[in-house]
Undergrad: 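The structure is given below, and queries will be raised subsequently.
Just so it is clear, the structure is predicted and the values come from calculations on it, not from any experiment. Below, chain A is the first sequence line, B the second, and so on; all start at residue 1.
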Protein chains: 2
Amino acid sequence: MNPMTAARSRLSPADRPQLGLRERKKIKTREAIRDATYALIREQGYDATTIEQIADRAEVSPSTVFRYFPTKEDIVLTDEYDPLMLEELRARPADEPWMDSLRHVIHMSLDAMMAEDPDAVRMRAHLGIQVPAVRSRMVESMSETGRMLRGALAERTGLDPDGLDVRVYAMSLTGGLMEVYMHWAETGFQGELVDLVDRALDVLEHGLPTGNP
Amino acid sequence: MNPMTAARSRLSPADRPQLGLRERKKIKTREAIRDATYALIREQGYDATTIEQIADRAEVSPSTVFRYFPTKEDIVLTDEYDPLMLEELRARPADEPWMDSLRHVIHMSLDAMMAEDPDAVRMRAHLGIQVPAVRSRMVESMSETGRMLRGALAERTGLDPDGLDVRVYAMSLTGGLMEVYMHWAETGFQGELVDLVDRALDVLEHGLPTGNP
DNA sequence: CTATATTTTGAGAGCTACTCTCATTTCATG
DNA sequence: CATGAAATGAGAGTAGCTCTCAAAATATAG
């Protein structure tokens, strides 16, 4: 899922020998840039970290950094879970209640991300509440996930994926889930993210506990 | 409300004689900058319009432009309806169902904005779908409205405004409403925005028409 | 292995949003 | 009118990002 946006498939280039030298090198540079960025941000913070510094530490030129990532925020974020989620969603039984499917799929992605690099998950959330540009990019990426969700939802319900209803519904879901992520970071990462997401899904399904909806 | 973000109180400086010359002049420059920006964007588009051009046409220096607006996006957006909404929300009878109150308040703000400058409302929506930076700023501004909503909601329900549930609920509302605004722009401004908002609120309250929620 | 074609990279110039500083101008007040 | 305060303009500086072009690295054919 996207709120947490990103977490590369951390297979070292050597693990994919079927790829040519060129491809393997590209993966390596990509990782070098990202690692350099994370390290520098940890040392100096996001704003104090310039592209030039990142390039230096990753041992590439600034041009190359921009060739790999369109913006500075994208170095930190960049998502790769949407296709996986979509596939998983489609694989669910067609008669399963939508919310159950969603819950299942989110659990999956979350587990995958936490298994991959739990530190990065937290760091991204942290940057999300501190750096407006990062939060923006995160929201953007969330709403891409939202579009994917619309597609899946439309398949299930037979509704128009671009109709107002589906759009509103999907976006309210993604908005709510985004807020979970931010809340988690703002409260110092207390509790398991998965549990918070579950509570959020309850709210989204049944309204506020008060019943006021 | 905020999705539409902004619409100045268009009272010419002369209408507020109680203010000193200094204050009146400030209002005038603010408007001059905004008008110049709108005009230039209409002529050339957002990206092609530079701060320098805006400054020239508004007959101020670039420095002054930034003194009045922190970013280029803010020249276009800048919201002033939140306090009004909050006041109006508080004035509603305490036993009125929350959704009814919300609906009422949104109608109000929407009417106010459309009465003020309907053209600007459309233009902002249009920029929102075309220019990522503007959309970002709009989302940001939306989530400020969301925070305000949390406060009002907490007063009503007695829940913690910073608790997960209220946050998720409020953000899912704002997210859904934001999507209405985008949908409206993407479909060429067909139909009345108010009607679309009403439909959206139905979805947010009762789930999708299918009943799948 | 060599030659050629294709990709990837680096260097550098250039644009623009945005920040900061300081002198100058403009308004407010006694 | 004089003095203090606020608003403005000019200008230098930073950093993200784009574009171009030549050099380097890799793939492919003979």
Undergrad: Does a donor on one side chain and an acceptor on the other come within less than 3.5 Å for A/S101 and A/R156?
TA: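 A donor-acceptor contact under 3.5 Å links the two side chains.
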
Undergrad: Whole Å only: how far is the CD atom of B/E52 from the P atom of C/dC18?
TA: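 Distance, rounded to whole Å: 14 Å.
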
Undergrad: Pick the nucleotide of DNA chain D nearest each of A/T50 and B/K26; which residue has the one closer to the 5' end?
TA: B/K26

Undergrad: Residues from residues 126-133 of chain A sitting under 4.0 Å of DNA chain D, heavy atoms only?
TA: none

Undergrad: Let me see the working for B/D198 and B/H107 under side-chain hydrogen bond (donor to acceptor under 3.5 Å, both in side chains), right down to the final yes or no.
TA: CA-CA 9 Å; B/D198 272 338; B/H107 281 193; 3.0 Å; yes

Undergrad: Could you check whether any side-chain N or O of B/Y38 sits under 3.5 Å from a backbone N or O of B/V76, counting only pairs where one atom can act as donor and the other as acceptor?
TA: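 Flag set: sc B/Y38 to bb B/V76 pair under 3.5 Å.
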
Undergrad: Output the rounded distance in Å from CG (B/L21) to P (D/dA6).
TA: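 That distance rounds to 16 Å.
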
Undergrad: Which whole-number value in Å describes the distance from B/I75 CD1 to C/dT16 C1'?
TA: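 Rounded to whole Å, this separation is 13 Å.
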
Undergrad: Could you state the atom-to-atom distance from OH of A/Y68 to P of D/dG16 in whole Å?
TA: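 To the nearest whole Å, that distance equals 20 Å.
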
Undergrad: Please report the distance, rounded to the nearest Å, between CD in B/E73 and P in C/dT16.
TA: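 It works out to 16 Å between those atoms.
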
Undergrad: Please tell me which of the listed nucleotides, C/dA17, D/dT8, C/dT9, lies nearest to the side chain of B/I51?
TA: C/dA17

Undergrad: Note the angle between the end axes of the helix from C/dC1-D/dG30 to C/dG30-D/dC1, five pairs defining each, rounded to 10 degrees.
TA: 10°

Undergrad: Using modelled atom types only, decide if a donor and an acceptor are shared between the side chain of B/T187 and the backbone of B/H183 within a distance under 3.5 Å.
TA: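 Such a contact is found between B/T187 side chain and B/H183 backbone.
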
Undergrad: Think B/K72 forms a cation-pi with B/Y46, using NZ or CZ under 6.0 Å from the six-ring centre and within 45 degrees of its axis?
TA: yes

Undergrad: Just by distance, do the side chain of B/E205 and the backbone of B/D202 share a donor-acceptor pair under 3.5 Å?
TA: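 Checked: no pair found.
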
Undergrad: May I ask you to verify whether the side chain of B/S61 and the base of D/dA10 hold a donor-acceptor pair under 3.5 Å?
TA: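 When only heavy-atom distances are counted, B/S61 does not reach the base of D/dA10 through any donor-acceptor pair under 3.5 Å.
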
Undergrad: Nearest of C/dT26, C/dG10, D/dT26 to any side-chain atom of B/R22?
TA: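 Per side-chain heavy atoms of B/R22, the pick is C/dT26.
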
Undergrad: Under the 3.5 angstrom rule, does the side chain of A/S143 hit a backbone N or O of A/G146 as a donor-acceptor pair?
TA: no

Undergrad: Does the A/E179 side chain pair with the main chain of A/G176, one donor and one acceptor, at a distance under 3.5 Å?
TA: no

Undergrad: Hey, which sits more toward the 5' end of DNA chain D by its nearest nucleotide, A/T49 or B/R67?
TA: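 By nearest-heavy-atom nucleotide position, the 5'-most residue is B/R67.
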
Undergrad: I need the CD1-C1' distance between B/I54 and C/dT16, as an integer number of Å.
TA: 12 Å

Undergrad: Please determine, for the side chain of B/K72, which listed nucleotide (D/dG16, C/dG10, C/dC18) has the closest atom?
TA: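 Side chain of B/K72 sits closest to C/dC18.
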
Undergrad: Measure the distance from CZ on A/F66 to P on C/dC15 and round it to the nearest whole Å.
TA: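 From A/F66 CZ to C/dC15 P: 17 Å.
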
Undergrad: Is any side-chain N of the basic residue among A/E140 and A/R135 closer than 4.0 Å to the acidic one's carboxylate O?
TA: no

Undergrad: A/K25 side chain: which of C/dG10, D/dA25, C/dT16 is closest?
TA: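 The listed nucleotide nearest to A/K25's side chain is D/dA25.
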
Undergrad: Starting at the 5' end of DNA chain C, which residue's closest nucleotide do you reach first, B/S63 or B/E23?
TA: B/S63

Undergrad: Could you check whether any side-chain heavy atom of B/D162 comes within less than 4.5 Å of a side-chain heavy atom of B/R150, counting everything from C-beta outward?
TA: yes

Undergrad: In whole angstroms, how far is the C1' atom of C/dT8 from the CD atom of A/E59?
TA: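 One finds 17 Å between C1' of C/dT8 and CD of A/E59, rounded.
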
